Protein chains: 2
Amino acid sequence: MSTVSTEPAVSPAELRARLIEQAARILGEEGPSALSARRLATAAGTSTMAVYTHFGSMAGVVDEVATEGFRRLIDHVDAVGTSDDPLADLRRMAGGYRDNALENRHLFGVMFGAISLGGFHGRGADPEVSLAAFDQIVSGIERAMAAGVLREGDARAVAAQFWSALHGYVMLELAGMDRVVDDSERTVLWPMLAHLLEALAPAPR
Amino acid sequence: MSTVSTEPAVSPAELRARLIEQAARILGEEGPSALSARRLATAAGTSTMAVYTHFGSMAGVVDEVATEGFRRLIDHVDAVGTSDDPLADLRRMAGGYRDNALENRHLFGVMFGAISLGGFHGRGADPEVSLAAFDQIVSGIERAMAAGVLREGDARAVAAQFWSALHGYVMLELAGMDRVVDDSERTVLWPMLAHLLEALAPAPR
DNA sequence: TGAGGTCGATAACGCTGTTATCGATCGACC
DNA sequence: GGTCGATCGATAACAGCGTTATCGACCTCA
C-alpha cells in the first residue's frame, strides 16, 4: 500500500465554497450562537486557520453569508415570475420576500442586522448583490408604471416605499410583534400594500 | 475611628438599576461587542456574580435593556405631544420614532433584533412595555379617526400598517440601505406615510 | 529537479459566559 | 438581645470563544 491519501483533497476554492455553505447551514439550523470558527471549520472538514485565510475573520464570514442570503432572496423572488398583471406580480414578489424571510429567519437577520449582539458584524453584504435585490422591486414597479396601473414617476423612490413597508412588516413579524394584532397577514400586510399601491394609482380622469 | 465602611453600601435594588443603566450606556456608546458580563460588572462597581443573581444570564440583561429601550422610545414619542391636527401629530410621532432610533441605534437593534449574531437574545423585551409603545400609535390613529380625517375602522390594524411602514424605513436606514435611493427622507419616508394615510382617508362624498 | 509561494494544521494568547464555593451582611423571631 | 436563616456578592475556576504565530506540506512553474 502506498501512502497516497484516499481523501478527495479539495481545492482551496472548493473549501471556501464549503465554508460558506456550512456557515449558512449552521446559521439556519441552529442559529447565530452556534456559528463559531471552530465549529464551522470542523463542519467543513478543515481547521480554524482556513477560516482566516479565506475570510480574514468571523466578520468576513458573516459578510459572505449575508451576501449568500441576498443571492437566495433574489432567486426566491425571481421564482415568482411575471404575468400580464404587474400589480399581482408585485403582490407575489412581496409574498416571496416574506416566505424567504420566514424560512431563513437567521439568515435574514444577518443580512439586515448589521445590528448584532455580542457579535462580529463586518461591513455587511456585497453591495452589488443587495442592490440587485432592490432592483428586482424597481423592475416590478417599472412594469406597473409602463402598464399604466401605477402613476409615472421615480420608480426607485416608489420601490423604496414599497420595500420599506414590506420589510417593516416582515421584521416586526420576525420579532414576534405580529402578536399585537390578530390575523395580521390579512388585516395588516395585504391591506397596507394595497393602500400604498392605491395611492400611487393614476388619477382617474 | 470605627471600622464602619465609608462606601455608600448600595442596596440590591439600587445595584440592579445601576446594572441596567450601565448596560444601556455601554451598549449605546460602544456597541454590542463591548457589552460583557465582566465589563458591565466593573462599570457598575460590582462583580460578575451580581449580574447572574439579578438577571440569570447575559440574555436576561439584554431583555432588561430592551425593555428599557422601549420605555425610552415611549418617552421620546410622548414628548411630541398632541395638537388639533391628528395627521400632523402622526407625522411628528413618526419623526420622533425615527430620531430615537438614529440616536440609539444599538439599543434599537437590541429591541427588535431578536436577531443577533454570536449572541444571547433571550425572550425579548417585556411585552407589556412594548405593547404600550404600540398603543401610542393606536391612540394617534384613533384620534385621527375621531376627528374624521381617517376613515373609521380597526384602529389597531391601521396602526400596525403605519408602524410596519415606518419601522421598515427606519430599519433599512439603520442597515445603510438608504444609500440605494438618494434623499430618501424626502422621497421615501414622508411620501410613503402620506400615501398610506391618503388611502385611509374618508371617501369624498 | 529544484525553488517559491500558497494554504492549512497545531498550539497558544487573552478573553468570554457561566458556575461552585464561600464569606459577609441583614432581618426575623424566640 | 442573641441567634438563626437567608439573601447577596466576591473569588476562582471551567470550557469555549476569536485570533495569531509558527511551521510543515503541497502545488506550480522554471
Side-chain angles (χ1 to χ4, degrees), chain A residues 2-23 26-27 30-66 110 116-123, chain B residues 2-23 26-27 30-66 110 116-123:
Chain A
S2 73
T3 58
V4 170
S5 169
T6 59
E7 293 162 15
V10 302
S11 75
E14 277 177 300
L15 188 53
R16 184 192 153 94
R18 210 145 82 179
L19 283 167
I20 296 177
E21 176 194 327
Q22 288 298 316
I26 293 173
L27 186 69
E30 304 180 47
S33 61
L35 186 61
S36 75
R38 285 166 178 78
R39 176 78 198 288
L40 172 57
T42 303
T46 181
S47 75
T48 64
M49 265 311 293
V51 173
Y52 288 88
T53 44
H54 284 290
F55 308 108
S57 69
M58 281 305 288
V61 174
V62 169
D63 289 348
E64 215 65 42
V65 169
V110 169
S116 74
L117 239 212
F120 6 90
H121 66 74
R123 287 179 307 191
Chain B
S2 72
T3 59
V4 169
S5 169
T6 59
E7 293 163 14
V10 301
S11 73
E14 278 177 298
L15 188 54
R16 183 192 155 93
R18 212 145 81 180
L19 282 167
I20 297 177
E21 175 195 328
Q22 288 297 318
I26 293 174
L27 185 68
E30 304 179 47
S33 61
L35 187 62
S36 75
R38 284 165 179 80
R39 176 79 199 287
L40 172 57
T42 302
T46 182
S47 74
T48 63
M49 263 313 292
V51 173
Y52 288 87
T53 47
H54 283 289
F55 308 108
S57 68
M58 283 304 289
V61 174
V62 168
D63 287 348
E64 216 65 41
V65 169
V110 170
S116 73
L117 238 214
F120 8 88
H121 67 72
R123 286 178 309 190

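Not measured: the values here are computed from a predicted model. Hydrogens, waters and symmetry mates play no part in the numbers below; they use all other heavy atoms, side chains included.
Partners of B:Thr48 under the side chain to side chain contact (heavy atoms under 4.5 Å, CB included) rule, at least two apart in sequence or in another chain, are B:Arg38, B:Ala41. Legend: residues meeting side chain to side chain contact (heavy atoms under 4.5 Å, CB included) with B:Glu64, ordered by chain and number and at least two apart, are B:Arg16, B:Ile20, B:Phe55. Residues passing the side chain to side chain donor-acceptor pair (under 3.5 Å) test with A:Glu30 are A:Arg39, sequence neighbours excluded.
B:Thr46 has a side-chain polar atom (N or O) that falls below the 4.0 Å cut-off from OP1 or OP2 of D:dA10.
The salt bridge (Lys or Arg N to Asp or Glu O under 4.0 Å) contacts involving residues 45-57 of chain B comprise nothing, where partners must be two or more places apart or lie in separate chains. The salt bridge (Lys or Arg N to Asp or Glu O under 4.0 Å) contacts involving residues 44-63 of chain B comprise nothing, where partners must be two or more places apart or lie in separate chains. Contacts classified as salt bridge (Lys or Arg N to Asp or Glu O under 4.0 Å) and involving residues 40-56 of chain B (residues at least two apart or in different chains) are not found.
Residue whose closest nucleotide on DNA chain D sits further toward the 5' end, between A:Thr48 and B:Leu15: B:Leu15. Comparing B:Ala37 and A:Ala13 against DNA chain C, the residue whose closest nucleotide sits nearer the 5' end is A:Ala13.
If you take CD of A:Glu14 and C1' of C:dG8, they are 15 Å apart, rounded to a whole angstrom. Summarising the geometry, the separation between CG on A:Leu19 and C1' on D:dG18 is reported as 16 Å, rounded to the nearest angstrom. A straight line from CZ of B:Arg39 to C1' of C:dG17 spans 16 Å, rounded to a whole angstrom. If you take CZ of B:Arg18 and P of D:dC8, they are 16 Å apart, rounded to a whole angstrom. Distance B:Met58 CE to C:dC15 P: 17 Å, rounded to the nearest Å. Separating the CG atom of A:Leu40 from the P atom of D:dG18 is a distance of 9 Å, rounded to the nearest angstrom. One can place CZ of B:Arg38 at 10 Å from C1' of D:dA13, the figure rounded to the nearest angstrom.
As judged by a 4.0 angstrom heavy-atom cut-off over every strand, B:Ser47 is placed among the base-contacting residues.
Sorted by residue number, the members of residues 49-57 of chain A with any non-hydrogen atom under 4.0 Å from DNA chain C read A:Met49, A:Thr53, A:His54.
Pairing partner, D:dT19: C:dA12, with both Watson-Crick or wobble hydrogen-bond distances short of 3.5 Å.
The distance from atom CD of A:Gln22 to atom CG of A:Leu35, rounded to the nearest 0.5 Å, is 10.5 Å. Here A:Glu21 contributes atom CD and A:Ile26 contributes atom CD1; the two are 10.5 Å apart, rounded to the nearest 0.5 Å.
Side-chain contact between B:Val51 and B:Val61 is present, with heavy atoms from C-beta onward closer than 4.5 Å.
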Could you run through nucleotides 23-29 of chain D and give me one letter per nucleotide, 5' to 3': B if any protein heavy atom sits under 4.0 Å from the base, S if only the sugar-phosphate is that close, - if neither? -------
